[in-house]
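Some notes on the structure that comes next.
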2 protein chains.
Amino acid sequence: MKKTDIEIARQAPIEPIQHIADKLNIPASAIEPYGKYKAKVDLDYLSTLESKPDGKLILVSAISPTPAGEGKTTTSVGLTDGLNRIGKQATACLREPSLGPCFGMKGGAAGGGYAQVIPMEDINLHFTGDFHAIGAANNLLAALIDNHIHWENTLKLDLRRITWKRVVDMNDRALREINCSLGGPGNGFPREDGFDITVASEVMAIFCMAKDLADLRERLAKIVVGYTRDKQPITAQQLSADGPMSVLLKDALAPNLVQTLEHNPAFIHGGPFANIAHGCNSVIATRAALKLSDYVVTEAGFGADLGAEKFFDIKCPDAGITPSAAVVVATVKALKLHGGVAQDQLAECDVAAVTRGCSNLRRHLENIAKFGVPALVAINPFDSDSPEEIDAIKDAVGDLGVEVVVSTHWAEGGKGAEYLAKEVIKLIDTKPAQFTPLYSRDLKLWSKAKKIATELYGADDIIADQKVRDQIAQLEHDGYGHLPVCIAKTQYSFSTDPALKGAPSGHVVPIREVRLSAGAGFVVVICGNIMTMPGLPRVPAANRIRINDDGVIEGLF
Amino acid sequence: MKKTDIEIARQAPIEPIQHIADKLNIPASAIEPYGKYKAKVDLDYLSTLESKPDGKLILVSAISPTPAGEGKTTTSVGLTDGLNRIGKQATACLREPSLGPCFGMKGGAAGGGYAQVIPMEDINLHFTGDFHAIGAANNLLAALIDNHIHWENTLKLDLRRITWKRVVDMNDRALREINCSLGGPGNGFPREDGFDITVASEVMAIFCMAKDLADLRERLAKIVVGYTRDKQPITAQQLSADGPMSVLLKDALAPNLVQTLEHNPAFIHGGPFANIAHGCNSVIATRAALKLSDYVVTEAGFGADLGAEKFFDIKCPDAGITPSAAVVVATVKALKLHGGVAQDQLAECDVAAVTRGCSNLRRHLENIAKFGVPALVAINPFDSDSPEEIDAIKDAVGDLGVEVVVSTHWAEGGKGAEYLAKEVIKLIDTKPAQFTPLYSRDLKLWSKAKKIATELYGADDIIADQKVRDQIAQLEHDGYGHLPVCIAKTQYSFSTDPALKGAPSGHVVPIREVRLSAGAGFVVVICGNIMTMPGLPRVPAANRIRINDDGVIEGLF
């Protein structure tokens with residue numbers, strides 16, 4: 001019987017974290033241990049590395065996700081181990097998982113099979129407390145807002161125009177929409193409010209975009225929490241909130257070092273939503289890894305239309321980093337789904353469906369080429385895959401000059417990813433990236449969104465009500481027109497209709513709403529129903545989660 | 001110029017935490033470091049110590065608190081250092097401070113002067129994340145309650161009778177009373193709800209009462225979250241919440257080891273409210289310290305009428321521990337306040353007022369004697385104290401056979417507490433404790449409360465409306481009559497009127513409300529207005545808190 005992810009993770013030998021730090025030549029004095037197998041790396045130490053040259057940055061992205069699962073994190077971890085096995089010094093940079101969802105649907109977020117990061121349970125639970133610190137900072141700002149209004153409201157914040165929400169790291173639908181400050185004068189002025197899950201907080205996005213503590217504070221200061229009656233934005237700085245928020249975040253901002261199952265270094269730091277935010281681990285972790293190792297493997301949320309686009313257009317320019325290559329993860333099953341096969345028919349060989357589904361893969365590859373980043377395709381194989389189906393993928397993208405590599409890291413660990421690692425190195429060595437973002441920051445917000453929709457999504461146009469157009473005009477007027485746009489749409493399709501698989505064209509992208517994330521440094525363009533506070537299912541995973549008599553956690557994964 | 005607490009704490013040399021563990025013979029394998037100067041001690045290791053004899057337990061309590069400040073934590077730390085200086089192996093056991101209030105009023109909670117625990121900033125901020133874990137466990141239960149109602153409500157929980165509240169570790173009056181689950185069918189059934197501050201959660205009280213992980217889960221299972229329409233209690237176990245809650249609390253349950261300024265061991269673990277809960281650090285930390293050292297100095301919240309009573313009647317019997325001595329902390333200024341002197345006149349010598357104020361001290365000493373615990377008085381001196389005033393204290397309590405010791409640990413550290421330490425040892429060696437709780441658990445709830453009010457508070461009687469009497473009868477009927485009672489009243493007076501200083505007699509204690517804490521294992525008897533969610537002041541400390549250009553936190557203390 002095959003071992004489960006958690007069995008593999010628990011049975012794996014694990015090295016003291018200083019041994020992992022040693023591989024990156026991080027001195028013991030720069031390590032803050034959190035238990036024996038997790039550590040934060042001191043920010044002052046990292047700042048001494050500024051003059052060192054950067055390693056090569058490899059982005060792992062994917063086709064449009066399907067319920068069949070693609071395995072982006074698994075591939076990132078496997079590729080890191082594969083690179084190390086062929087003698088390259090490589091580090092993984094991943095996102096921290098959110099605590100709340102662990103109790104909803106079963107499943108962690110630390111890779112799978114023999115391509116995982118450990119200690120897996122810690123990583124999936126409280127880890128080093130970063131998300132708790134982010135939640136506390138978010139909620140301090142919220143408390144300061146209502147406290148300001150309670151006492152005198154000298155800033156004249158309009159109760160009806162407060163955009164800052166409270167957060168909790170839990171799937172809790174009851175908190176989506178609330179009325180707060182009820183119960184009389186001692187409890188403040190009643191108003192409509194609501195909670196998001198912590199990962200949806202702008203503080204999370206800021207945390208992940210900040211280059212250092214000073215930049216963090218500057219970004220926190222810029223947060224717009226709401227507006228006056230005459231629509232003047234009010235910032236966190238005007239509430240003197242940026243100082244105490246940065247105090248709460250100071251320790252969390254140092255990146256977390258853990259290890260892969262094969263004892264290679266992995267930074268796991270930050271984890272913003274990939275729809276209303278940019279979906280990448282922290283800039284600080286990525287920059288640290290680039291200074292400390294020759295190759296850095298990182299990932300971005302959802303498919304390449306969302307994750308890679310935001311990585312290239314938002315994170316890279318702001319962080320001053322340049323990608324050298326991209327790996328697009330796909331599976332035969334997922335391509336069959338994009339080719340129109342029903343969920344229960346995926347185990348049957350269907351070459352034609354795979355070929356049809358490759359339209360999705362092709363579109364993503366063509367898009368990545370527009371950023372000047374060389375790419376290859378990594379297939380996570382299933383036992384049901386046939387050689388003909390694999391060949392069909394190679395045939396479908398061969399004219400793009402893109403290699404298709406079957407990589408068996410899930411079953412075999414780094415050994416299974418050696419070939420993928422070699423191909424990635426070959427790609428980097430033979431096709432130097434000519435990286436350039438898709439759009440200039442000087443373009444109008446509307447034009448930026450339109451460029452993404454038409455050039456990447458295959459849409460004919462974007463549309464919006466006058467109200468949304470007015471909002472966009474107001475943002476330009478308020479001086480936020482130079483910001484990049486962060487598109488929030490379904491991850492399941494290039495269009496805004498999750499049922500449209502493959503590579504739809506000629507559709508129109510409707511913008512429902514725009515939201516300013518002034519601290520994170522982008523304008524969120526919402527195209528569809530985006531949920532920022534999940535609910536628990538009828539039978540939540542929590543029902544099965546417990547510690548058994550041997551002291552072992554059951555039911556969490 | 002005198003150094004501030006934070007200057008002293010920052011300038012103090014600090015030892016690696018393993019050096020402190022070494023003093024308790026804790027092997028490195030049983031230590032989970034959290035940074036270099038904090039660690040959790042492994043619960044499995046602690047369970048191997050069960051057969052060892054306990055050390056002597058010393059409770060530090062105080063007169064009824066006043067705004068002048070008494071210095072209970074400072075005395076606990078100073079006495080620990082003093083005991084070590086005279087060659088006794090002693091450990092301090094203290095409560096963890098709450099994060100939220102740091103941003104309201106200036107001030108930390110880790111001792112003061114030269115009697116502090118360090119690293120002070122960490123202890124006052126996120127520390128090892130225990131309170132975040134407790135908040136997450138509390139809020140998971142809340143999410144499971146509303147999720148259960150949302151899907152089918154097979155347990156038939158009455159929306160109007162849910163007693164479980166959500167928590168946040170922040171002073172946030174806007175969350176005291178809310179309406180939740182608004183916005184339509186997808187968001188659940190609208191109802192009235194509210195947030196407490198994390199330290200007021202029953203999970204915090206349970207965390208501090210639990211003897212081990214199994215006991216923790218049993219207690220979590222017993223939590224009553226609300227009632228059906230026909231008033232049947234619904235428990236956390238019925239919602240399958242005890243399993244996942246204990247998973248969230250598993251790591252936090254291991255006690256935190258830090259050090260005093262003089263590098264003596266201190267466990268800082270848990271911190272429940274001292275009104276609606278029992279106000280002591282965790283049973284696990286106290287029991288660990290008793291196994292690991294010859295003398296353990298601990299404290300309990302507020303004055304001896306609340307803190308010591310609950311320590312003796314709730315914590316000690318449940319934990320199976322026995323106190324050997326009590327130290328009652330007082331100051332000349334505080335006694336003058338109890339003697340009727342105005343706040344701005346405290347610096348002037350007033351022997352008569354001190355003598356009058358000693359009525360408060362006497363009452364506390366007489367009360368402690370009723371538990372069979374020998375006591376002495378520790379005076380935290382101010383420069384303005386006169387020798388005549390100190391003599392007045394000695395005269396006022398001399399007939400009780402109680403020593404009065406001036407202890408200068410605040411100004412001099414352990415050296416200043418050597419005499420106090422010697423007197424405590426003499427007390428333990430010459431007057432063995434004959435510890436017995438004030439009441440038998442077999443008494444009715446009403447009789448328990450009445451016994452405390454009449455025998456300790458000097459009251460003539462307790463009263464309550466029929467509604468409250470019916471509630472108490474219902475609790476007896478539901479099988480909770482055997483629980484101890486936890487009185488929630490003002491800490492400023494033996495009566496329920498905070499203005500009644502000294503030792504009032506003949507008053508009546510009105511019970512406003514009773515609340516069941518079935519998991520913590522007590523019935524809260526509320527006698528007055530008890531605030532479980534503080535607000536921020538007009539000018540919160542947060543306004544001044546920031547990280548300066550040298551990377552140092554300013555304004556937090």
Side-chain angles (χ1 to χ4, degrees), chain A residues 32-36 44 99 103 125-126 129 132-133 136 139-140 142-144 146-147 150-152 166 168-183 186-188 193 213 217 240-241 243-244 246-248 250-251 535-536 538 540 542-547 551 553 555-556, chain B residues 32-36 44 99 103 125-126 129 132-133 136 139-140 142-144 146-147 150-152 166 168-183 186-188 193 213 217 240-241 243-244 246-248 250-251 535-536 538 540 542-547 551 553 555-556:
Chain A
E32 281 282 302
Y34 280 65
K36 297 180 180 66
D44 288 336
L99 175 67
F103 301 100
L125 288 170
H126 306 289
H132 292 310
N139 291 341
L140 173 61
L144 289 170
D146 280 299
N147 192 57
H150 175 70
W151 285 105
E152 235 160 293
R166 290 171 169 84
V168 64
D169 198 2
M170 202 54 69
N171 288 15
D172 193 351
R173 69 171 66 73
L175 293 176
R176 282 176 191 151
E177 293 187 29
I178 68 169
N179 289 339
C180 69
S181 308
L182 307 178
N187 296 349
D193 194 12
L213 198 53
R217 180 166 177 187
S240 305
S246 53
V247 166
L248 281 170
K250 184 172 82 83
D251 291 341
L536 292 168
R538 181 185 291 262
N543 287 6
R544 297 180 302 271
I545 295 173
R546 64 184 199 106
I547 300 168
I553 297 173
L556 191 54
Chain B
E32 282 281 303
Y34 280 66
K36 297 180 180 65
D44 288 336
L99 174 67
F103 300 100
L125 288 170
H126 305 289
H132 291 310
N139 292 340
L140 173 60
L144 289 171
D146 280 300
N147 192 57
H150 175 69
W151 285 106
E152 237 160 291
R166 290 171 169 84
V168 64
D169 199 4
M170 202 54 69
N171 288 15
D172 193 351
R173 68 170 66 75
L175 293 177
R176 283 176 191 151
E177 294 187 30
I178 68 169
N179 289 340
C180 70
S181 308
L182 306 177
N187 295 350
D193 194 12
L213 198 53
R217 181 167 174 187
S240 304
S246 53
V247 166
L248 281 169
K250 184 173 82 83
D251 291 342
L536 292 168
R538 181 184 291 263
N543 286 7
R544 299 181 301 272
I545 295 173
R546 65 184 197 104
I547 301 167
I553 297 173
L556 192 54

Answer with side chain, backbone, both or neither: which region of [X] has an atom nearer than 4.5 Å to a non-hydrogen atom of chain A?
| X | value |
| --- | --- |
| B:Leu99 | side chain |
| B:Asn171 | backbone |
| B:Leu213 | side chain |
| B:Leu125 | side chain |
| B:His126 | side chain |
| B:Tyr34 | both |

Gap separating the [atom1] atom of [X] from the [atom2] atom of [Y], nearest 0.5 angstrom:
| X | Y | atom1 | atom2 | answer |
| --- | --- | --- | --- | --- |
| B:Asn543 | A:Leu144 | CG | CG | 7.0 Å |
| B:Asn187 | A:Arg176 | CG | CZ | 5.0 Å |
| A:Asp193 | B:Leu175 | CG | CG | 7.5 Å |
| B:Asn179 | A:Leu182 | CG | CG | 5.0 Å |
| B:Ile545 | A:Leu140 | CD1 | CG | 8.0 Å |
| B:Arg166 | A:Asp172 | CZ | CG | 4.0 Å |

Exercise for the section: Hey, can you tell me if B:His132 and A:His132 have their rings parallel, tilted or perpendicular (30° and 60° cut-offs)? Expected result: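 Ring orientation, 0 to 90° scale: parallel.
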
Problem - A:Arg173 to B:Trp151 - nearest heavy-atom pair and separation - result: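 In terms of heavy atoms, the two residues are closest at NH2-NE1, 3.7 Å.
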
When heavy-atom pairs shorter than 4.5 Å are enumerated against chain B, which of [options] gives the highest number?
| options | answer |
| --- | --- |
| A:Arg538, A:Glu32, A:Lys250, A:Met170 | A:Arg538 |
| A:Ala143, A:Ala241, A:Pro540 | A:Ala143 |
| A:Val247, A:Asp44, A:Asp169 | A:Val247 |

Practice task
Would you confirm whether B:Arg217, through its side chain, and A:Arg546, through its main-chain N or O, come within 3.5 Å as a donor-acceptor pair?
Solution key: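 Not at all, since once roles are kept as given, no pair shorter than 3.5 Å links the two residues.
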
I'd like to know which of [options] tops the heavy-atom pair count under 4.5 Å against chain A.
| options | value |
| --- | --- |
| B:Ile553, B:Asp146, B:Leu536, B:Val168 | B:Leu536 |
| B:Gly188, B:Cys180, B:Gly129 | B:Cys180 |
| B:Gly551, B:Ala142, B:Gly186 | B:Gly186 |
| B:Ala174, B:Ser246, B:Ala542 | B:Ala174 |

